[in-house]
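Notes for the one structure printed next.
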Amino acid sequence: MEKIRERRRWKLPAIATGVLLIAFAMVPRPETAPTHAEVAKPIPAASPPLAAAPTSTGAAGAPEPTLATKPTPGVRHDYIVQASNVDLARSAVERAGGVVTGELTIIRAVGASLDDREFAALLEKPVDGLRVYDDAMVSTSGTAAPAETYYPTQVAASPLHQGGVTGGGVTVAVLDTGLWQEKGPLQRNSNGREPRILAQYDVILAREQPDAYSEGRYDRDIDDLNGHGTHVSSIIANSTATASGNYQGVAPGVNLVSVRVLDAEGAGRYFDVIRGIQWVVANRATYGIRVLNLSLSAPPRSHYWDDPLNQAVMSAWASGIVVVAAAGNSGPSPMTIGVPGNVPYVITVGAVTDNYQPYNVSEYGLASFSSAGPTHEGFVKPEVVAMGGHIRAYAPDAGTLAQRYPQWVDLQARELTISGTSQAAAVTSGVVALMLDANPGLRPDDVKCRLMSSARPAVSPDGTLAYTVFQQGAGLVNAQDAVYSTASNCANQGLNVALDLAGVQHYGGRANQDANGNFYVMEVQQGPLGSLLGGLAQLLRPLPLVEQLIVGLASTLDGLLWDGSAPASTDHTWSSGYTWSNGYTWSNGYTWSNGYTWSNGYTWSNNSAEAS
């Protein structure tokens, strides 16, 4: 059977032995791309006009009218529009296409809701005395209520919190840049346990100072000079309640273990990450570690089983720890899943953005930066997607990220807003913790099975997938459905992690690329699984979506064909999900043998590889 046809030949430059891993804190994106845009600049306490605009009178010596902050493209913003009289202000707003929200006759002004185009139209035709102000927030001298983070509600975690499922009794280990010494909302969990941070281990310090942990104590703060690790940990575990009563974190009752493997720049070495995983596996029983969050990635340099970092990740999975990995921020091109997200066993997560409309599910879309599958061994990745666009969470206000991107920092709340599959992975780790709280006996394969079978794929009006499985996997995670799912034996079927680690067997997935460059999922030609899937396809033919997800025949299932381009339409909904029939899921693999060859002269090298 032929493996994936490589669309482009990799460059194989020689590199230094110390391989860098880059934490997936999102690189800043242009403001013109709402999916990638970040938090707006905090509004000052006073609300003076912020920029100049021409007047309609042209009177010499008259004070120059000034303007408020231009809104983010596609997002409405509230303003106060003033003119020489109220009627003139109202007509100016309405002529620009804006919405008048009320009159302020005492200052000859109206309240207005404007998007970027309406804002520009208002300024293009100024009226007499026009001045535009930000509708700034005011409050009492007391402490303001914490901001809503939305993502716990968007992935259906908030209803579980109300029912007492918060992740209590579950420990999540976060391998990242560390944890801020000012723990704030991470100090205690929603059940009142303090400290809920059970251990902190600085792998970099241990490497540089071998006797740093000679006493076996892991209760010392290690700090977070970057901010990424704290941000990720807060997404998972923040126990602060907002004014609405919703928690800011996905699993506010969990306990945490922080392992620092990346430096202040968010970069690190294979050695440190592997040693961090090794420490987690060795201490899993001591701290009750059930989940390992890996919001980091590196380019693949070999088959998944030959990569030393992947081998450590596979060992963690085999030990009973659920590993959640970021897909990477190298999308939207196909075959951009990084290490260790390319390990077939683990839960790899892509990112979805709400396009700044958190409660309008129809506006949710795949983030263009989210890495896509398949992997080079033919496995469909990511498994699922989760919220990862402009994610707000607690983070150090003086870390590298905060200093580099001050416009994303809310200094009052000490919160940072960034985007990336790192954040989506953290959301998913929180969901996994909720699943293990409700069902402590679940094994890693069980968790993966139920998480995927309860996910909600984006579906077009005709019932076909809005994004291919190589982009959205099984769909958007849904915590409530995952917790109550009874699905079983539907993940990692046909794979054996012990044999894989021992080098006895290795596996390939069923993704391939046709002569026209389209990616698809191959039908199993031989054996009982092939017969089963063929029969299921006929049985489920009246259900187009399910049939597409069961068999990947390029000739009959055009919905699975993907030429690597972005979707042409945003007209889709996130369906109520499907169940993987009879234990089949995209994680199925077949045994790898030397009989499989890479077409088009594709070869692997032990050197670092880069897509051209």
Side-chain angles (χ1 to χ4, degrees), residues 3-4 10 15 17-24 173 175-176 203 259 261-262 268-282 291-328 330 335-349 371 373-383 421-422 425 429 444-445 448 491-492 494-509 511 586-587 589 591-592 598 604-611:
K3 294 304 295 174
I4 298 176
W10 283 15
I15 61 168
T17 304
V19 180
L20 290 182
L21 244 109
I22 306 301
F24 273 88
L175 262 70
D176 216 288
V203 178
V259 181
V261 297
L262 304 175
R269 295 167 47 177
Y270 258 44
F271 175 88
D272 291 336
V273 179
I274 294 169
R275 193 170 184 182
I277 296 171
Q278 174 181 287
W279 184 91
V280 167
V281 172
V291 187
L292 173 59
N293 186 89
L294 296 174
S295 291
L296 44 80
S297 188
R301 301 183 300 139
S302 66
H303 291 304
Y304 75 83
W305 60 83
D306 277 332
D307 187 287
L309 174 53
N310 283 347
Q311 292 167 9
V313 168
M314 290 159 63
S315 294
W317 188 272
S319 75
I321 298 173
V322 181
V323 181
V324 180
S330 301
M335 300 184 72
T336 50
I337 301 291
V339 172
N342 65 334
V343 173
Y345 303 94
V346 307
I347 299 167
T348 304
V349 188
S371 288
T375 70
H376 292 280
E377 293 78 27
F379 286 97
V380 175
K381 289 281 183 173
E383 271 72 21
T421 57
S422 280
S429 288
D445 285 354
K448 181 174 179 178
N492 295 342
L495 306 181
N496 187 311
V497 67
L499 294 179
D500 215 339
L501 284 167
V504 176
Q505 286 186 346
H506 302 302
Y507 306 97
W586 295 114
S587 301
T591 303
W592 187 280
W598 296 96
W604 285 99
S605 167
N606 289 329
N607 295 323
S608 176
E610 176 182 51

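Side-chain contact check for Thr421 versus Ser371: every heavy-atom pair is 4.5 Å or farther apart. Tyr304 places a side-chain heavy atom less than 4.5 Å from the side chain of Asp500. The shortest distance between side-chain heavy atoms of Asn492 and Val497 does not fall below 4.5 Å. Two residues are said to be in side-chain contact when any heavy atoms from C-beta on lie closer than 4.5 Å; Trp317 and Asp445 meet this criterion. Counting heavy atoms from C-beta on, the side chains of Asp176 and Ser295 come closer than 4.5 Å. Between Thr348 and Phe379, every side-chain heavy-atom pair lies at or beyond the 4.5 Å cut-off. With contacts defined as side-chain heavy-atom distances shorter than 4.5 Å, the pair Val281/Ser315 does not qualify.
Contact record, Ala312 with Ile277: O-CG2, 3.5 Å, taken as the closest heavy-atom pair. In terms of heavy-atom proximity, Gln311 sits nearest to Trp305 at NE2-O, 2.9 Å. When all heavy atoms of Val343 and Lys381 are compared, the pair lying nearest together is O-NZ, 2.7 Å. The shortest non-hydrogen separation linking Ser302 to Asp307 is OG-N, 3.4 Å. Closest non-hydrogen pair, Lys448 versus Val346, comes out as NZ-O, 3.4 Å. A pairwise comparison of heavy atoms in Leu294 and Pro340 identifies CD1-CG, 3.9 Å as the closest pair.
Distance CE/Met335 to OG/Ser330: 13.5 Å, rounded to 0.5 Å.
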